[in-house]
There are 2 protein chains.
Amino acid sequence: MPRSTAGQTGRPPVTSRPEILAAARRLIDRDGWEKLTIRGLAGELGIGATTLYHHVRDKEDLLLLLLTEYAAQLPRPELPADPRDRIVAAGVLIHDAFAAWPWAAEVLTTDGFIARIGDPALWVVETILAGAADHGCTPEQGVLVFRNIWYFTVGEILVRANTARRHPDADFPPAENSPFTGGGSEHLPYLTAVAPQWGEIAQANTFAQGLTALVDGLLAQAKP
Amino acid sequence: MPRSTAGQTGRPPVTSRPEILAAARRLIDRDGWEKLTIRGLAGELGIGATTLYHHVRDKEDLLLLLLTEYAAQLPRPELPADPRDRIVAAGVLIHDAFAAWPWAAEVLTTDGFIARIGDPALWVVETILAGAADHGCTPEQGVLVFRNIWYFTVGEILVRANTARRHPDADFPPAENSPFTGGGSEHLPYLTAVAPQWGEIAQANTFAQGLTALVDGLLAQAKP
DNA sequence: ACCTGAACACCGTTCAAGT
DNA sequence: ACCTGAACACCGTTCAAGT
């Protein structure tokens with residue numbers, strides 16, 4: 001008996017989990033991740049919306065599968081030998097992975113997915129812990145280093161992704177209609193002075209620089 | 001002619017913007033901010049849902065009003081004289097304000113509100129820019145310092161708030177069902193070693209410590 | 001086995017009609 | 001002036017019925 005198409009019982013499938021995940025990625029890449037809806041995804045596949053529930057537990061499960069697939073597929077490059085440089089490089093890797101897929105970072109925080117990414121993503125955590133230990137950190141200090149890097153990275157991606165969505169070249173303050181650009185700005189001299197250049201300054205990618213500052217500060221704290 | 005109740009034309013109001021904002025805060029404090037819906041808010045006030053649109057442009061406008069009101073009401077304490085300590089203190093202030101109202105941080109990133117908070121919140125930005133300048137930073141470096149602090153702070157609050165929502169005492173990895181706690185964890189020795197204590201370590205509030213590391217690292221970069 | 005439409009319990013928002 | 005219900009265009013999800 002052939003095991004693939006013959007001898008089956010019941011109605012034949014119209015889709016599969018891999019097909020669903022591929023369609024979801026297509027939809028996200030095309031319209032943005034906030035447009036990924038169960039109904040829209042079913043439409044993309046040309047099937048009934050409720051059919052999806054036979055291949056995926058719920059929408060949260062779908063997002064988790066998407067994230068896991070993405071994480072597993074990421075390259076795993078050679079890292080520098082120096083512990084400090086290795087930690088920075090690992091942080092940059094996390095950052096670049098999520099910067100290319102900003103919705104992933106958003107999902108990761110907004111829904112508390114952090115604790116549920118599987119094996120394929122854990123080697124980055126291991127790399128940072130190992131780097132900290134090589135530098136002379138205790139395990140506790142290593143965890144601290146990782147968590148602080150994680151905070152910084154998530155924050156940078158979320159702020160950058162969301163400000164880009166609205167103000168293509170501005171960032172924090174100097175919206176033309178902002179109250180401080182009008183009258184009464186005497187008590188905000190520094191802000192008023194940099195306001196014109198803020199947008200330009202904010203546009204530069206300074207993530208690696210900021211991360212380096214954070215890592216250096218953390219390692220200095222751990223080993224005085 | 002009395003100016004309050006007599007001589008008016010048209011149907012009398014059933015609510016007002018301050019009443020709406022107060023009800024919204026009540027709802028958020030009681031049920032969490034994801035439960036704040038236009039319909040639910042109208043229900044809380046005992047009025048028709050569509051009536052709200054006569055006092056508030058839309059839901060985004062409502063959230064912005066809420067944020068502005070909250071920011072305006074925050075205390076404005078005395079800060080240390082030393083520039084570095086002042087920057088750290090200002091960062092801790094931002095953090096504590098949003099940590100007490102985590103949904104505000106979430107709104108701030110998820111909807112790109114950052115560029116639109118008004119005057120009452122800008123003095124913190126000014127404080128950080130002034131501190132950086134006092135330390136010898138250029139205006140560009142000052143902006144960099146502020147932005148990095150902002151990333152770190154937002155990230156910390158979002159990650160902490162959302163992991164707390166699900167895993168009361170865990171944070172990143174050691175969920176009991178995590179793949180690496182089972183077999184095949186030989187290539188993750190550091191992670192495996194700290195796994196049992198991770199939750200406990202992650203529970204401590206190390207924000208000020210992490211922020212200090214970041215600020216020290218940034219200031220060291222700016223003035224070698 | 002797998003698929004489906006109808007239905008449930010929600011959203012934010014608009015608009016013509018009422019007071 | 002202000003308020004309102006009905007309606008529009010959506011959500012995620014369940015479930016009985018079909019193939």
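Below, chain A is the first sequence line, B the second, and so on; all start at residue 1.
The side chain of R39(A) lies closest to dA7(C), out of dG12(C), dA7(C), dT4(C). Residue T51(A) places its side chain closer to dC3(C) than to any other of dT4(D), dG5(C), dC3(C). Listed nucleotides: dT19(D), dG12(C), dT19(C). Nearest to the side chain of R11(B): dT19(C).
Less than 6.0 angstrom separates the ring centroid of F207(A) from the ring centroid of F152(A).
dC2(D) atom P lies 12 Å from atom CZ of R17(B), rounded to whole Å. Computed from coordinates, the Y53(B) OH to dA16(C) P distance equals 17 Å when rounded to whole Å. Residue L45(A) contributes atom CG, which lies 15 Å from atom C1' of dC2(C) at whole-angstrom precision. Between K35(B) atom NZ and dG12(C) atom C1' there is a gap of 18 Å when expressed in whole angstrom units. To the nearest angstrom, P of dT14(D) lies 11 Å from NE2 of H54(A). The CD1-C1' distance, from I47(B) to dA1(D), rounds to 15 Å in whole Å. Between the P atom of dC10(D) and the NZ atom of K59(B) lies a distance of 18 Å, rounded to the nearest Å. Between the CD atom of E60(B) and the P atom of dC11(C) there is a distance of 19 Å, given to the nearest Å.
Comparing P13(A) and G40(B) by the nucleotide of DNA chain C that holds the closest heavy atom to each, the one mapping nearer the 5' end is P13(A).
With rounding to the nearest 0.5 angstrom, the CD atom of E19(A) is 6.5 Å from the CG atom of L45(A). Of the inter-residue distances, the one linking F146(A) atom CZ with L218(A) atom CG reads 13.0 Å to the nearest 0.5 angstrom. Atom NZ of residue K59(B) and atom CG of residue L64(B) lie 14.0 Å apart, to the nearest 0.5 angstrom.
Here T37(A) lies in heavy-atom contact (under 4.0 Å) with sugar-phosphate atoms only. Within 4.0 Å of S16(B), counting heavy atoms only, lies no atom of the nucleic acid at all.
Across all strands shown, dA17(D) remains unpaired; no Watson-Crick or G-U wobble contact has both distances below 3.5 Å. Base-pair partner of dA9(C): not found among the strands shown (Watson-Crick or G-U wobble, both distances under 3.5 Å). Summarising the base pairing, dC3(D) is matched to no nucleotide, lacking a Watson-Crick or G-U wobble pair whose two defining distances lie under 3.5 Å.
Atom name P, nucleotides dC10(D) and dA9(C): the rounded distance is 22 Å, in whole Å.
Residue H55(B) has no polar side-chain atom (N or O) positioned under 4.0 Å from OP1 or OP2 of dC2(D).
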Practice task
Determine, step by step, whether R30(B) and E44(B) satisfy the salt bridge (charged side-chain N to carboxylate O under 4.0 Å, His left out) criterion, reporting the C-alpha distance in whole Å, the side-chain angles of both residues, the deciding distance to 0.1 Å, and the verdict.
Solution key: CA-CA 12 Å; R30(B) 197 203 310 139; E44(B) 175 81 15; 2.8 Å; yes
